[in-house]
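Take a look at the structure below.
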Amino acid sequence: MFFFFFSSKESYLNTTSNKKKQHFLGNCKACELRFPVCITMGIKAALPKYEIYSYYVMLCLAVFWATSWIFEVSNSNINRKAFKTSVKPSYFGRKMDTSDFEWMMWFSTFRAHILFALSGHVLFAKICSMLAPQYRSLVYMVYGVLAVWTSMGWTYVTLILSHCILLYSISLVKIRWLCFVTGLCTLATFKCEPFLSWEAGFVQGDFELRHVLFYGGCGFTIMRCMSFALENCEKKDGNYNILELLKYNFYLPFFYFGPIMTFDKFYVQVNRSDLTRKDGELWNISLHGLIHLGVVIVVDVLFHFMYILTIPTDMKLLKHLSDWALVGLAYFNLVYDWVKAAVMFGVITTVAKLDHMDPPKPPKCITMLYMFAETHFDRGIHEWLCKYVYDYLGGKHENVLEELVATLCTYGITILWLGPCEVVLFWAFFNCFGLNFELWTTKFFSMEPFVSLEMAMSEATSRRIRAVFNTFNFWCIVLYNTVALNSLDFSKLVAKRLLLKGFPITTILVMFVTYCLVQVIKERERKQALIDDPDPLPPAPPLNAAAAPPASATTTPAAQPAAEPNKEKAE
């Protein structure tokens with residue numbers, strides 16, 4: 001939970017030199033949402049190239065070392081009794097890890113259904129875009145309703161329409177808190193009995209994906225209806241038509257599995273009349289589709305050699321693994337979860353881009369995260385919560401009490417969205433605490449003598465010290481999220497090995513490798529900051545400078561001004 005130092009903008013920038021101001025004023029992309037006025041010292045600070053290269057080498061060696069341990073454990077325990085239910089025969093004459101239900105559903109059971117439905121959507125959307133682009137949103141809605149009707153039955157469509165009509169009626173009152181309460185109560189009916197069983201009875205048929213499509217469609221419908229209702233409350237002139245809500249909700253690529261796009265963005269994009277594409281845009285869309293296909297193939301191949309999802313479920317085996325194998329399992333599980341989310345949303349957003357939409361970006365890779373403020377695996381839900389809850393209650397995210405209330409409400413809704421249970425409660429508590437601890441640490445280190453100490457440091461030294469604190473923060477994020485991805489027992493075992501039983505050798509080595517990773521991330525952020533906010537170029541010399549007499553001809557050596565060290569360094 002350690003967070004890098006922050007320096008106060010108002011206290012010191014007015015008393016420092018121009019060089020120090022540039023030292024402070026970086027493009028803080030990582031925390032511009034959470035800390036709008038934070039000044040990250042040294043975001044453009046550079047380290048020697050040989051130092052950065054050494055970090056890359058250490059990272060590669062550590063990843064290969066941990067991978068070798070996991071590969072050896074997978075090979076030596078392939079016929080283990082506890083693995084029989086999840087490790088099954090497959091291609092290459094080897095057994096495959098099939099313990100992830102979502103992955104297997106998407107790319108085996110659900111593959112034919114989703115490809116058929118999305119292919120039809122793309123076909124009809126393309127025909128409509130060429131013949132009558134002004135009606136394309138209506139065509140999207142009609143095709144979406146027919147697809148849902150065909151797969152789930154007319155009673156399920158009736159249930160979805162009843163939720164839409166209910167929240168639309170509440171939105172006409174234009175009372176924000178009433179829309180929220182109604183939406184959350186409606187969402188809670190899918191999480192508790194007897195409402196859950198009663199509503200599940202509206203689904204016809206008994207095919208394998210019935211429950212998955214039921215929960216996905218209903219859950220995302222409620223979130224979309226709440227977004228519509230809240231945007232309608234903000235509309236000053238009249239109300240949005242209920243037809244706009246139906247177009248928004250029954251857009252098929254987003255209906256069952258998201259991501260969620262807030263209504264204000266969807267309304268602008270789906271009603272856009274200009275459907276021209278930029279040069280190379282269609283090629284980029286095709287390239288992204290091929291990349292997603294390649295990632296699916298690579299993950300399937302790796303599942304035949306490394307059972308990273310099955311091993312954490314066997315606590316007896318975990319107790320006999322090496323420290324590096326445990327640490328690697330924790331890290332690879334988070335990376336895999338990001339890959340799964342990026343591919344699942346990537347397939348859907350590729351279709352949305354073909355419809356001239358700008359869907360939410362894929363989740364940020366866990367490898368690139370060392371702050372709780374940036375940890376999100378679904379950018380659509382993240383933007384929804386920030387827009388309607390977190391930023392609305394937290395204000396500028398500077399006041400400790402306001403931040404606490406905002407994070408508690410945000411994670412409260414997240415718990416309801418995921419479904420209240422012990423694992424979700426633990427995950428929400430730890431992440432909520434980490435998010436607030438960052439602000440508390442920010443306030444603490446913005447006081448004396450820490451600010452003066454950092455002002456006296458060089459930019460590179462400040463960056464190295466911050467990276468040390470970020471190292472601990474990174475592993476807090478990893479451990480907290482393994483609670484939700486694996487189990488509480490697995491997270492406790494990894495923490496004991498990393499901090500207690502493995503101390504000091506394992507602890508120091510793992511933290512050093514993580515420090516190298518953080519420095520690599522900071523180097524990437526530095527390059528991006530230079531692209532987004534390039535340093536100003538020095539002023540051009542005057543045109544008559546060449547005609548001016550040399551300084552030695554007009555000024556004696558004794559009369560020459562003293563050299564300015566800052567100027568020489570800048571040159």
Side-chain angles (χ1 to χ4, degrees), residues 55-78 80 82-83 86-87 94-97 99-100 103 295 298-340 365-370 375 377 470-521:
Y55 293 149
Y56 277 106
V57 172
M58 291 299 301
L59 276 178
C60 293
L61 292 176
V63 170
F64 282 124
W65 181 248
T67 303
S68 66
W69 276 103
I70 298 174
F71 176 75
E72 182 181 350
V73 173
S74 301
N75 264 352
S76 58
N77 295 275
I78 193 170
R80 191 176 177 86
F83 286 13
S86 56
V87 178
R94 293 185 59 89
K95 293 183 177 180
M96 178 183 177
D97 192 341
S99 57
D100 189 349
W103 184 270
V295 172
V298 170
V299 172
D300 266 357
V301 171
L302 289 178
F303 275 165
H304 289 79
F305 298 94
M306 294 195 300
Y307 307 142
I308 59 173
L309 304 179
T310 298
I311 294 175
T313 62
D314 190 350
M315 293 302 298
K316 292 183 179 179
L317 176 61
L318 289 175
K319 293 178 181 179
H320 296 88
L321 296 185
S322 66
D323 296 343
W324 277 100
L326 274 179
V327 170
L329 278 173
Y331 174 71
F332 287 147
N333 268 263
L334 263 70
V335 173
Y336 164 73
D337 191 70
W338 168 77
V339 170
K340 180 176 68 174
C365 181
I366 184 64
T367 304
M368 305 301 295
L369 297 176
Y370 53 81
T375 52
F377 291 95
N470 298 151
T471 298
F472 294 96
N473 213 41
F474 180 89
W475 272 103
C476 288
I477 294 173
V478 172
L479 292 175
Y480 293 171
N481 283 281
T482 53
V483 173
L485 296 179
N486 301 108
S487 65
L488 182 60
D489 293 334
F490 176 70
S491 299
K492 289 166 61 177
L493 181 61
V494 175
K496 288 180 180 178
R497 288 287 193 90
L498 183 62
L499 302 175
L500 299 177
K501 292 186 177 180
F503 186 84
I505 298 176
T506 302
T507 306
I508 294 175
L509 289 176
V510 171
M511 291 303 171
F512 175 71
V513 172
T514 310
Y515 170 83
C516 297
L517 173 62
V518 172
Q519 287 290 14
V520 169
I521 299 172

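Residue pairs satisfying the salt bridge (charged side-chain N to carboxylate O under 4.0 Å, His left out) criterion with at least one member in residues 301-317, sequence neighbours excluded, are listed as follows: Arg80-Asp314.
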Next item on the list: Check the pair Leu517 / Tyr370 against side-chain contact (heavy atoms from CB on, under 4.5 Å), numbers first and verdict last.
Entry: CA-CA 10 Å; Leu517 173 62; Tyr370 53 81; over 6 Å; no

Next item on the list: Determine, step by step, whether Tyr331 and Phe474 satisfy the side-chain contact (heavy atoms from CB on, under 4.5 Å) criterion, reporting the C-alpha distance in whole Å, the side-chain angles of both residues, the deciding distance to 0.1 Å, and the verdict.
Entry: CA-CA 11 Å; Tyr331 174 71; Phe474 180 89; 4.2 Å; yes

Note to self: Could you go through Val339 and Val295, starting from their C-alpha distance and side-chain angles, then the distance that decides it, and tell me whether this counts as side-chain contact (heavy atoms from CB on, under 4.5 Å)?
What the structure shows: CA-CA 8 Å; Val339 170; Val295 172; 3.6 Å; yes

Checklist line | side-chain contact (heavy atoms from CB on, under 4.5 Å) evaluation trace for Phe332 with Thr67 | finding: CA-CA 9 Å; Phe332 287 147; Thr67 303; 3.5 Å; yes

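Of all the heavy atoms in Phe305 and Val301, the pair that sits closest is CD1-O, 3.1 Å. When all heavy atoms of Leu493 and Leu318 are compared, the pair lying nearest together is CD2-CB, 3.5 Å. Contact record, Leu334 with Ile477: CD2-O, 4.3 Å, taken as the closest heavy-atom pair. Counting all heavy atoms, side chain and backbone alike, Asn333 lies closest to Leu485 at O-CD1, 4.0 Å.
The closest side-chain heavy-atom distance from Leu321 to Leu329 is below 4.5 Å.
With sequence neighbours excluded, the residues that form a ring pair (Phe, Tyr, Trp, His ring centres under 6.0 Å) with Tyr55 are Tyr515. Partners of Met58 under the side chain to side chain contact (heavy atoms under 4.5 Å, CB included) rule, at least two apart in sequence or in another chain, are Phe512, Cys516. Partners of Lys340 by side-chain hydrogen bond (donor to acceptor under 3.5 Å, both in side chains), not counting sequence neighbours, listed by chain and number: Asp100, Glu102. Applying the ring pair (Phe, Tyr, Trp, His ring centres under 6.0 Å) rule to Phe83 yields no partners; only residues at least two apart in sequence or on another chain are considered.
Partner Ser86 forms a side-chain hydrogen bond (donor to acceptor under 3.5 Å, both in side chains) with one of Asp97, Thr310, Thr313 and no other, that one being Thr310.
Taken from CD1 in Ile308 to CG in Leu302, the straight-line distance is 8.0 Å, to the nearest 0.5 Å. Rounding to the nearest 0.5 Å gives a distance of 10.0 Å between CE of Met368 and CH2 of Trp338. Considering NE2 of His304 and CZ of Arg94, their distance stands at 8.5 Å, rounded to 0.5 Å.
Classification of the Trp103-Phe303 ring pair by plane angle, with boundaries at 30° and 60°, yields perpendicular.
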Only distances under 3.5 Å count here; give the side-chain donor-acceptor pairs of residues 498-511 to other protein atoms, sequence neighbours excluded, each with its distance to 0.1 Å.
unit_1 : atom_1 : unit_2 : atom_2 : d
Thr506 : OG1    : Asp323 : OD2    : 2.8
Thr507 : OG1    : Leu498 : O      : 2.4

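Counted by atom type alone, Thr514 and Thr471 present zero donor-acceptor pairs between their side chains at under 3.5 Å. Side chains of Ser487 and Asp489: a donor-acceptor N/O pair is absent below 3.5 angstrom, by distance only.
Not a single donor-acceptor pair under 3.5 Å links the side chain of Thr482 to the backbone N or O of Ala330. The main-chain N or O of Asn75 is never found under 3.5 Å from a side-chain atom of Tyr307 such that the two would form a donor-acceptor pair. Under a 3.5 Å cut-off, the side chain of Arg497 and the backbone N or O of Trp324 do not form any donor-acceptor pair.
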